[in-house]
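Report on the structure given below.
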Amino acid sequence: MISNREVGNQKRDTLSILTLQQLLERLKDGTFKPGGRLPSQNELVEQYGVSRTGIREALQMMAVLSLIEIRPGLGCFVKAVSPEYIIHADVMAVLLQKEAVIEVIEARKIVESGIAALAAERATAEDYWRIEDVLTQIDRSIQRNDTVAMVAAEFHYALALASHNMVLTKLVRSFTQLMTKAGLLLESSLESSPEELAKFRQNELSSHRELYFTIKEGNPPKASQAMVDHISYSQGLIVNALERAESLAVQAEQAVSAEAL
């Protein structure tokens, strides 16, 4: 059973992340300029309607991401980091949830392998139509040179619907937002190599399509193992992306420190 304290901590963490995202938007639109001082914590509390704890934790996250410098007694000041780093800072913020990402991947192997087995037994023609529609959306995203992260997450939700177990379906939906962020981070880490990014997106289509056809065979054990293999492959890519993002954060911090000397 989850205690009231744990629920309170989860709610606080969510508010901190949401506040961080709002502050990042102000960085990207130029409201907070390099070298400028952020509003005081009291002013931010009033602007965003979040507790001082939520504001303080969001500011600490921005400091970890090397976006601001916290000067005791003076306030928080925006660092002069590259525009590209700021643009992707909201994606980089997933680094702050690294352990959660890894734990969700572990949970997905357990939950979604069972979902795949149920879908192999229970999926209807309507379920197959829904999954095929998502595959078409992935293909169209690739043709538009657009991200596939959000649509790929919807594939797994459509598959959960095919299990005809609403508890499992809601559980998968709870994973969607964090895994979408991880997917966006993964794509962001490949942007310096358009060929590699295009290859990755094409593989997303082919791997999800292959998983779909395996489930359609109606062999639950085979479908279950195919799902484990699919998630394990994604896990390797996501872990590598997290490591590259961490390296980028360190480099940005070192660059800012060098400029200050």
Side-chain angles (χ1 to χ4, degrees), residues 1-3 6-7 10 13-14 94 97-142 146-187 200-242:
M1 179 178 291
I2 299 176
S3 69
E6 289 174 317
V7 171
Q10 290 171 358
D13 291 344
T14 299
V94 78
Q97 300 168 281
K98 179 179 177 180
E99 294 305 319
V101 171
I102 300 302
E103 289 182 0
V104 164
I105 292 173
E106 291 176 349
R108 287 183 63 207
K109 288 181 184 179
I110 297 170
V111 173
E112 294 195 52
S113 60
I115 284 174
L118 289 176
E121 291 180 343
R122 302 176 178 177
T124 65
E126 182 179 355
D127 293 321
Y128 289 137
W129 174 84
R130 186 183 297 110
I131 296 170
E132 289 171 3
D133 182 61
V134 176
L135 289 171
T136 299
Q137 291 178 46
I138 295 176
D139 191 22
R140 288 175 178 170
S141 294
I142 293 173
D146 199 2
T147 177
V148 299
M150 289 172 279
V151 190
E154 288 304 312
F155 173 92
H156 290 270
Y157 180 66
L159 196 58
L161 289 171
S163 73
H164 293 273
N165 182 307
M166 290 311 299
V167 173
L168 291 174
T169 300
K170 290 179 180 178
L171 190 55
V172 168
R173 178 54 86 194
S174 72
F175 297 159
T176 303
Q177 185 178 21
L178 187 56
M179 297 316 299
T180 295
K181 287 182 180 180
L184 289 170
L185 174 63
L186 204 167
E187 290 194 25
F200 164 74
R201 288 174 175 168
Q202 194 61 50
N203 184 69
E204 281 290 274
L205 175 60
S206 59
S207 64
H208 282 90
R209 186 177 282 159
E210 182 179 347
L211 178 59
Y212 165 62
F213 285 128
T214 299
I215 290 170
K216 237 187 149 181
E217 291 178 17
N219 184 327
K222 185 177 180 180
S224 180
Q225 186 58 52
M227 178 62 79
V228 172
D229 294 341
H230 174 81
I231 296 176
S232 295
Y233 176 74
S234 297
Q235 179 178 6
L237 295 177
I238 290 171
V239 169
N240 287 338
L242 287 167

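In what follows, residues are counted from 1 in the order of the sequence shown.
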Check your understanding: Around atom CD of Glu210, are there more than 12 heavy atoms of other residues, nucleotides or ligands at under 6.0 Å?
Key ->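 12 or below, so no.
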
Take atom CZ of Arg173 as the centre, draw a 6.0 Å sphere, and report whether it contains more than 12 heavy atoms from other residues, nucleotides or ligands.
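Atom CZ in Arg173 is packed in, count exceeds 12.
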
Nearest-0.5 Å distance that lies between atom [atom1] in [X] and atom [atom2] in [Y]:
X	Y	atom1	atom2	value
Gln177	Met150	CD	CE	11.5 Å
Thr136	Leu205	OG1	CG	9.0 Å
Ser234	Ile105	OG	CD1	8.0 Å
Thr169	Leu159	OG1	CG	9.5 Å
Ile138	Gln202	CD1	CD	10.5 Å
Ile142	Glu204	CD1	CD	8.5 Å

Looking at side-chain heavy atoms only, is the closest gap between [X] and [Y] below 4.5 Å?
X	Y	value
Ile115	Leu171	no
Asp127	Arg130	yes
Asp146	Arg201	no
Thr214	Lys222	yes

Query raised in the report: Going by the ring pair (Phe, Tyr, Trp, His ring centres under 6.0 Å) test, which pairs reach into residues 214-234, not counting sequence neighbours?
Result: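 Qualifying pairs: His156-His230, His208-His230.
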
#### Entry: Inter- and intrachain pairs under salt bridge (Lys or Arg N to Asp or Glu O under 4.0 Å), touching residues 160-171, at least two apart
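Every pair satisfying salt bridge (Lys or Arg N to Asp or Glu O under 4.0 Å) with a residue in residues 160-171: there are none.
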
What pairs meet the salt bridge (Lys or Arg N to Asp or Glu O under 4.0 Å) rule with one or both residues in residues 107-119, with sequence neighbours excluded?
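Listed once each, the pairs are Arg108-Glu112.
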
